[in-house]
Amino acid sequence: MLPATRDLDPADADANPETESILVTAIEARGLVKTFGTLRAVDGVSFRVERGETYGLLGPNGAGKTSIMRMLAGLSPISGGELFLSGLNVAEHSRAVRARLGVVTQADGLDGELSVRQNLEVFGFLVGLSRRQARVRADEVLGFFRLGDRASSEVDELSGGMRRRLAIARALMGEPEVIILDEPSTGLDPESRIRVWEELAELKRADVTLLMSTHYMDEAETLCDRIAIMHSGRILDEGTPPELVSRHAGSAAMDIRPNGSSREAIRRELDAAALTYREVGALFRVTGGNGAPPRLPALEGVQITERAANLEDVFLALAGRGLQEDQA
Amino acid sequence: MTTATALVPETGFIRWRSVHAIWWRHLLALSRVWQVALTWFVIEPAVVLLAVALGIGQLVGEMEGFGTYAMFVAPGIVIGTAMFHAIFECSWSTFERIGQSYYETALTAPVTIHEIVFAELLFAVTRALISTVAVAGFAIAFGWIPLSALPGLMLVSVGVGTVFGGIGLLFAALSPSMHALSLVFTLVATPLYFFSGTFFPISVLPDWLQPVAWIAPLTPLVELARGMALADLGWVHVYCGLYVLGLTALLYPLAVRLMRRRLMK
Ligand SMILES: Nc1ncnc2c1ncn2[C@@H]1O[C@H](COP(=O)(O)OP(=O)(O)OP(=O)(O)O)[C@@H](O)[C@H]1O
Ligand SMILES: [Mg+2]
């Protein structure tokens with residue numbers, strides 16, 4: 001199979017006395033800080049990603065997701081705290097860290113002056129493969145991402161989805177232990193997204209550790225073992241998707257579409273039933289009920305959709321809370 | 001990929017593979033547009049050389065100590081053209097590569113800023129060398145430069161590549177926009193091309209301008225090239241050589257610093 005089935009390097013174990021945790025911990029952040037002038041883009045973040053796990057960073061624009069990933073990739077100096085990859089301190093061993101890491105940045109960073117295949121081969125050579133190894137590996141990843149028939153195309157001729165997949169393919173050239181993906185499917189049509197998901201799921205089956213950011217709840221729910229929900233440089237909560245849902249949104253939820261009835265009347269009714277809700281666009285999203293939410297007989301003409309609570313409800317609850325703290 | 005890990009030393013020294021790979025990438029990109037590149041390296045300088053040597057040369061006649069005007073001007077044009085290539089590579093092309101996140105991608109591999117700067121300069125040297133061989137080839141064919149001077153001219157072009165590649169990198173790293181970047185041509189390349197003893201000896205300039213011309217970074221390289229072409233080297237060329245080394249020693253760390261500031265945020 002494609003990605004790293006790399007044996008653990010015993011040198012890793014020597015790098016840190018906490019040998020046991022190294023063998024299972026792929027990424028660890030302790031009180032990580034990133035400042036830009038007076039702005040604390042990452043404000044004391046701690047988390048731990050186990051080997052083979054897919055860990056998602058969720059949060060609104062500017063939450064600090066990209067900043068965390070850039071520090072890990074050595075693209076951005078760490079302002080405070082500590083960051084480890086396979087037990088290696090990123091601040092001290094940035095080069096060794098990057099030799100184990102595949103990175104897909106928010107902008108694909110594809111080389112427009114080279115063909116698709118050359119993009120892969122040149123990068124493979126850069127990470128340390130021989131020219132021949134790079135050729136063989138390029139064929140493998142092109143096949144894996146079903147880009148084989150585009151090998152001699154120019155990058156500019158590719159669709160957005162193909163470009164994204166080529167960027168992921170490039171990150172795999174060096175058979176990394178850990179892959180960082182900054183918004184892997186942003187801007188892709190539904191079919192391309194699902195394709196990317198399938199390919200990422202395949203990597204996951206091969207025991208590659210993935211750290212990804214996303215704005216899509218369905219993506220996080222589908223791919224991530226655990227999720228950190230971020231806001232203003234902090235992690236508000238962390239857990240598996242079902243844990244987060246039951247903690248912050250209960251089990252059942254409903255959406256109310258007013259269809260012309262008075263929004264004020266709906267608010268009164270919801271308050272009377274002591275239900276938590278958020279108004280999102282035309283909808284009232286009602287969460288927090290355990291079991292089926294009660295009927296609201298006084299409401300005429302509205303359309304009520306009962307559904308299972310999901311990550312979106314969690315995100316709205318937590319991000320909303322974060323926003324209120326900001327204003328306080 | 002355990003091999004990469006083993007091959008990767010920590011910062012402090014240059015990982016040759018990084019330099020080699022970036023250099024190779026640039027060469028590949030250049031070779032993919034070779035038809036256009038051919039006009040830069042051959043047609044354009046040939047036009048300048050022929051116009052100046054044959055046209056202006058007819059008006060100037062013999063130059064004392066240098067032979068014909070064509071023999072005087074040919075080494076200057078060889079070096080001036082090499083300068084344009086080195087500056088262009090490290091300002092314009094580098095700036096574009098910054099904008100297209102090329103270096104950001106390279107830095108996700110086990111590559112340091114040092115190695116990026118080293119590779120950029122190496123490629124500037126490569127372009128300066130290609131240009132020198134092409135332009136000097138013309139002049140040799142016309143008998144304005146002896147064939148035996150070619151290795152010497154190539155050596156001087158290495159200096160042209162590092163010094164002007166370095167200057168190009170400073171502009172690429174500092175320029176907020178393409179407009180600002182174009183200053184490297186209006187403020188640096190064009191004045192130097194004309195006032196560094198390329199088209200006329202510095203001694204014909206007004207007294208107040210002569211010291212300025214001697215400090216200009218292209219002057220020592222033109223002097224060295226002319227010394228090589230005429231097989232007539234003296235103490236002034238020792239000064240020139242040391243000046244070029246000094247400039248390189250100054251520009252390299254400065255370029256690393258400014259590129260780091262530009263690329264690592
Ligand atoms: N180079 C920089 N200089 C100054 N501020 C920056 C820089 N890069 C990021 N920031 C700021 O840091 C904060 C966090 O940005 P970051 O890109 O990490 O957010 P993000 O969670 O990735 O957002 P998005 O979802 O929009 O990608 C933002 O307020 C951003 O404006
Ligand atoms: Mg981002």
Side-chain angles (χ1 to χ4, degrees), chain A residues 4 6-9 11-12 34 36 67 70 72-77 86 88 92-115 118-119 121-131 133-134 137 154-155 167 170-171 173-177 180, chain B residues 1-34 36-37 89 92-94 96-116 119 123 259-265:
Chain A
R6 158 168 21 189
D7 292 330
L8 287 174
D9 186 344
D12 291 3
K34 178 73 204 181
F36 294 106
S67 300
R70 286 179 60 88
L72 188 57
L75 294 171
S76 170
S86 301
L88 292 166
E92 290 161 17
H93 302 281
S94 166
R95 214 204 278 260
V97 164
R98 282 176 291 152
R100 290 142 194 266
L101 202 60
V103 181
V104 182
T105 51
Q106 204 163 353
D108 296 322
L110 295 172
D111 195 329
E113 290 179 66
L114 303 180
S115 73
Q118 286 169 336
N119 261 274
E121 290 188 10
V122 169
F123 191 80
F125 190 63
L126 188 64
V127 299
L129 303 180
S130 71
R131 298 270 282 265
Q133 286 171 325
R137 182 72 181 153
E154 296 300 314
V155 169
R170 187 188 54 202
M173 283 301 287
E175 300 188 28
E177 292 168 22
I180 303 181
Chain B
M1 239 273 325
T2 30
T3 40
T5 323
L7 284 172
V8 173
E10 282 309 314
T11 47
F13 51 99
I14 298 269
R15 171 183 176 251
W16 181 245
R17 173 56 71 89
S18 310
V19 177
H20 185 179
I22 295 170
W23 179 85
W24 176 42
R25 179 262 163 219
H26 292 350
L27 198 66
L28 203 57
L30 185 67
S31 71
R32 296 187 91 219
V33 294
W34 65 269
V36 183
E89 181 60 38
W92 202 265
S93 307
T94 299
E96 289 228 301
R97 290 192 284 262
I98 293 173
Q100 289 166 2
S101 307
Y102 168 74
Y103 301 108
E104 186 169 282
T105 303
L107 284 168
T108 68
V111 171
T112 63
I113 302 271
H114 256 285
E115 290 150 4
I116 287 175
F123 195 66
M259 284 295 274
R260 175 168 292 130
R261 209 177 68 181
R262 178 85 189 220
L263 296 173
M264 308 264 267
K265 287 183 194 121

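Order of the sequence lines sets the chain letters (A, B, ...), proteins ahead of strands, with each chain counted from 1.
If you measure heavy-atom distances from Leu30(B) to chain A, you find no contacts under 4.5 Å at all. With a 4.5 angstrom heavy-atom cutoff, Ser115(A) touches chain B via backbone and side-chain atoms both. Only the side chain of Glu154(A) comes within contact range of chain B, with at least one heavy atom under 4.5 Å from a heavy atom of that chain. With a 4.5 angstrom heavy-atom cutoff, Leu110(A) touches chain B only via backbone atoms.
For His20(B) and Phe125(A), the gap between ring centers is short of 6.0 Å.
In terms of non-hydrogen atom pairs under 4.5 Å with chain B, the most contact-rich of Val104(A), Asp111(A), Val103(A), Asp108(A) is Asp111(A). In terms of heavy-atom pairs under 4.5 angstrom with chain B, the leader among Ser67(A), Pro77(A), Gly74(A) is Pro77(A).
Residues Arg32(B) and Gln118(A) meet the side-chain proximity criterion, which asks for heavy atoms closer than 4.5 Å.
With Trp24(B) as the aromatic partner, Arg131(A) meets the cation-pi criteria of under 6.0 angstrom to the ring centre and within 45 degrees of the ring axis.
Smallest separation of non-hydrogen atoms from Leu114(A) and Arg25(B): CD1-CG, 3.9 Å.
Aromatic ring pairs are classed by plane angle as parallel below 30°, tilted from 30° to 60° and perpendicular above 60°; the pair Trp23(B) and Phe123(B) is perpendicular.
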